[in-house]
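The sequence lines fix the lettering, A, B, ..., with proteins before strands; numbering per chain opens at 1. Quick caveat: nothing in here was measured; it's all calculated off a predicted structure.
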There are 2 protein chains.
Amino acid sequence: MRLKELALHLGLSQTTVSRALNGYPEVNEETRQRVLDAARRYDYRPNASARRLATGRAGAIGIVLPTDRNMLLDPHYIEFQAGLGERLMKDEIDIVLSPSKAGDEMATYRRMAISSRVDAVIVSSPTVDDPRVALLNELGLPFVVHGRTNSPLDYAWLDIDNEGAFRHAAKHLLDLGHRRIGLINGETRHNFALDRDRGFRRALAAHGVEVDENLVAEGIMSDETGYRITARFLAQRPRPTALLVSSMMMSLGALRAIRSAGLELGRDISMIAHDDVIPFLNPDAMVPTMSTTRSSIRAAGTRVAELLMELIVEGRSPASIHELWPVDLVVRASTGPAPRD
Amino acid sequence: MRLKELALHLGLSQTTVSRALNGYPEVNEETRQRVLDAARRYDYRPNASARRLATGRAGAIGIVLPTDRNMLLDPHYIEFQAGLGERLMKDEIDIVLSPSKAGDEMATYRRMAISSRVDAVIVSSPTVDDPRVALLNELGLPFVVHGRTNSPLDYAWLDIDNEGAFRHAAKHLLDLGHRRIGLINGETRHNFALDRDRGFRRALAAHGVEVDENLVAEGIMSDETGYRITARFLAQRPRPTALLVSSMMMSLGALRAIRSAGLELGRDISMIAHDDVIPFLNPDAMVPTMSTTRSSIRAAGTRVAELLMELIVEGRSPASIHELWPVDLVVRASTGPAPRD
DNA sequence: CTGTTAGCGCCTTCAA
DNA sequence: TTGAAGGCGCTAACAG
């Protein structure tokens, strides 16, 4: 069913039918009802491409999907997508995933912009100096960064307070008497990891504790990385009495290494992990329950979608969009006082 | 830059430029080169909506994204997406995620089809009797099911041999002398889980071993579920000497429960888990290494994309698309002979 | 309040 | 081998 036919059936012009359907105020209420009824009866839906061509709006927001093995380690990504979806659903806005090889992302953003496939894009996991911000700015494609990056430009971003989160977590451990604290971080080419590193160091500095660089490590946020780094840390003497871990997934591996070393979490060694609140990794279900710095990545997705809509629909200024979300420290059973030697 | 302007710059008609760009054979080679050069120089890209409107093809394939908490437990999903992307990238085909509430998926598929947002869709995680197959068939929207479902219709599908995988795995355990084998399955409303259940039972039956229904359980495939079910199984007397587990994520929880019970994996109790080959959960990195039934979900994504393209571009018949992939049994250190009492 | 008329940017038939 | 013209389905000025 096309608009034309529908109009014909109704004995109205396409214009009127279109207006009735799109909620224009100048349409007679009775006429509108007739149109709406007919549309429902015939299961009419405007053709997406035609509408886009006519309005110049794509009705979609874009995400560049890096397909390389090393980039997609992130099980959190799907939660973020779900969060986006939750909000975009309301306006029937689609999410367009544009697959891209690593190194080719810039070209992919370009393509999305120039072919006007999408009205805006999301920049995820920004690196410390992320070239995407300048590119998108130049292309004039609206975007929101999930995270932050160094840029002279005043772009729209939403980030969680990674620095504060890890500072508070480290402080909590210090207050419990821990002095040898290990940091198991994500890759510091990503800004969030650098922020966490910074928070960790500041807390130690504030307590006059020197950082042992042998107890600072980074890697992709996998179970395996968590295991390997923890095993290495635990081999040192004196060994660390506490760990700060960048993801729940890593904490699983860390926990294995701790058990393998014959230690008991929460007594011999403490741990705080960052929790993105993903449903299949619940800190309350762990044994012992895991102390965490908590911030829902799904909620972030929803909010990013909201901001995107404001950018597109209301023409809100990107420069006015800077949201730094506080992060909760949730103390559970994996943290305890530092053991006496 | 629009086609019109580009043509103007070149002193050619839009038609010729369009043909040159789209590889029509009737264009003079020299002309084509000039056009191609100019297009590159001006960074010209056809407007996606306009092209779609003109050709009737959307240049995108659709996935309905259920945003409800309980449905998205699947960290495997992102790997599947990456696999799709790997193939679709070649033809610059986008993936359109259409967010949908649970229960509303059918309407979302409808919407995608009628508004011709996409050329084809993917049906993931089909239930035992999945209504989507009939709907899409009726809508005439091409689709490939990743998995299988009961339907009188002859639809296109790609599935892994879940039945065979779990049959072999169970047989392997039986051959090692295990008699009390537990099954920790995904939700059996999903067809794959039912197939695994079937394979498990057949293997036991073939060995004349009766299934203890107290050692068969299912749930969402999370760490937590794995832990809870395993703890319950281990509380039984006599306790099981082996476990068949539906996902690596579950196996992490199971392993925790085993350790909490003071048992050693691979000696006191054996385990085989299904491995979708996701990069952040590597069975070789576990301690002990985990025996698995292995099948790359990413590879499946790539192949599904390929099939989709054949469906759309070459008009291949859906009825000719039935791929059942064998599943490898990879024996590692988590399986050993059944312990003597 | 409704209709007429032009496009949106591209592809494609038909004619040259 | 190239071009002119029409149309894909919809929206949006501009009239009435």
Quiz item: Taking CD from B/Q14 and P from D/dG6, how many angstroms apart are they, rounded to a whole number?
Solution: 14 Å

Self-check item: Salt bridge A/D43-B/R110, side-chain N to carboxylate O under 4.0 Å
Solution: yes

Quiz item: Does the base of D/dG3 carry an N or O that pairs as donor and acceptor with the side chain of B/R19 under 3.5 Å?
Solution: yes

Quiz item: Atom CZ of A/R51 and atom C1' of D/dA12: how far apart are they, to the nearest Å?
Solution: 13 Å

Quiz item: Should A/E29 and A/R32 count as an ion pair when the cut-off is N to O under 4.0 Å?
Solution: yes

Quiz item: So does A/Y24 get a side-chain nitrogen or oxygen closer than 4.0 Å to the phosphate oxygens (OP1/OP2) of D/dA13?
Solution: no

Quiz item: When we call it a touch if two heavy atoms are under 4.0 Å apart, what does B/T31 touch: a base, just sugar-phosphate, or nothing?
Solution: sugar-phosphate

Self-check item: Pairs where residues 132-153 of chain A contributes a residue and the test side chain to side chain donor-acceptor pair (under 3.5 Å) is met, not counting sequence neighbours
Solution: A/Y109-A/R132, A/D130-A/R132, A/R148-A/D159

Quiz item: If we fit an axis to the first five pairs and another to the last five of the helix from C/dC1-D/dG16 to C/dA16-D/dT1, what angle do they make, to the nearest 10°?
Solution: 40°

Exercise. Step by step, work out the side-chain contact (heavy atoms from CB on, under 4.5 Å) result for B/V304 and B/L308.
Key: CA-CA 6 Å; B/V304 165; B/L308 241 13; 4.1 Å; yes

Quiz item: In whole angstrom, what separates A/E5's CD from D/dG9's P?
Solution: 9 Å

Quiz prompt | Short side-chain donor-acceptor distance under 3.5 Å, A/R51 and A/N22 | solution = yes

Exercise. Check the distance between D/dC10's P and A/R52's CZ and give it to me in whole angstrom.
Key: 13 Å

Quiz item: At under 4.0 Å between heavy atoms, what does B/L3 touch on the DNA or RNA strands: base, sugar-phosphate, or nothing?
Solution: sugar-phosphate

Practice problem: Report yes if a side-chain nitrogen or oxygen of A/T55 is closer than 4.0 Å to either non-bridging phosphate oxygen (OP1 or OP2) of D/dT11; otherwise report no. | Solution: no

Quiz item: Could a donor-acceptor pair under 3.5 angstrom be found where the side chain of B/T15 meets the base of D/dA4?
Solution: yes

Self-check item: Side-chain heavy-atom pair A/S13, A/T16 within 4.5 angstrom cut-off
Solution: yes

Quiz item: A/M1 has an atom CE; how far is it from atom P of D/dC10, in whole Å?
Solution: 11 Å

Quiz item: Whole Å only: how far is the CD atom of A/E26 from the C1' atom of D/dA13?
Solution: 12 Å

Practice problem: List the atom of B/E79, the atom of B/V277, and the distance in Å for their closest heavy-atom pair. | Solution: OE1-O, 3.8 Å

Quiz item: What is the distance, rounded to the nearest whole Å, between atom CG of A/L21 and atom P of D/dG9?
Solution: 16 Å

Quiz item: Does a side-chain N-to-carboxylate-O contact under 4.0 Å join B/E92 and A/R117?
Solution: no

Quiz item: Earliest and latest nucleotide of DNA chain C, 5' to 3', sitting under 4.0 Å from a non-hydrogen atom of chain A?
Solution: C/dC1 to C/dG9

Quiz item: With a 4.0 Å cut-off, would you call A/K101 and B/E86 a salt bridge?
Solution: no

Practice problem: Using a cut-off of strictly less than 4.0 Å, decide whether A/N22 has a side-chain nitrogen or oxygen near OP1 or OP2 of D/dT11. | Solution: yes

Practice problem: Please report, rounded to the nearest Å, how far the C1' atom of D/dT1 is from the CG atom of B/L12. | Solution: 11 Å

Practice problem: Report the residue (B/T16 or B/A54) whose heavy-atom-nearest nucleotide on DNA chain D is the more 5′ of the two. | Solution: B/T16

Exercise. For the side chain of A/R2, starting at C-beta, report the closest nucleotide among D/dT1, D/dG9, D/dT11.
Key: D/dG9

Quiz item: Any ion pair linking A/R40 and A/D37 (charged N to carboxylate O, less than 4.0 Å)?
Solution: yes

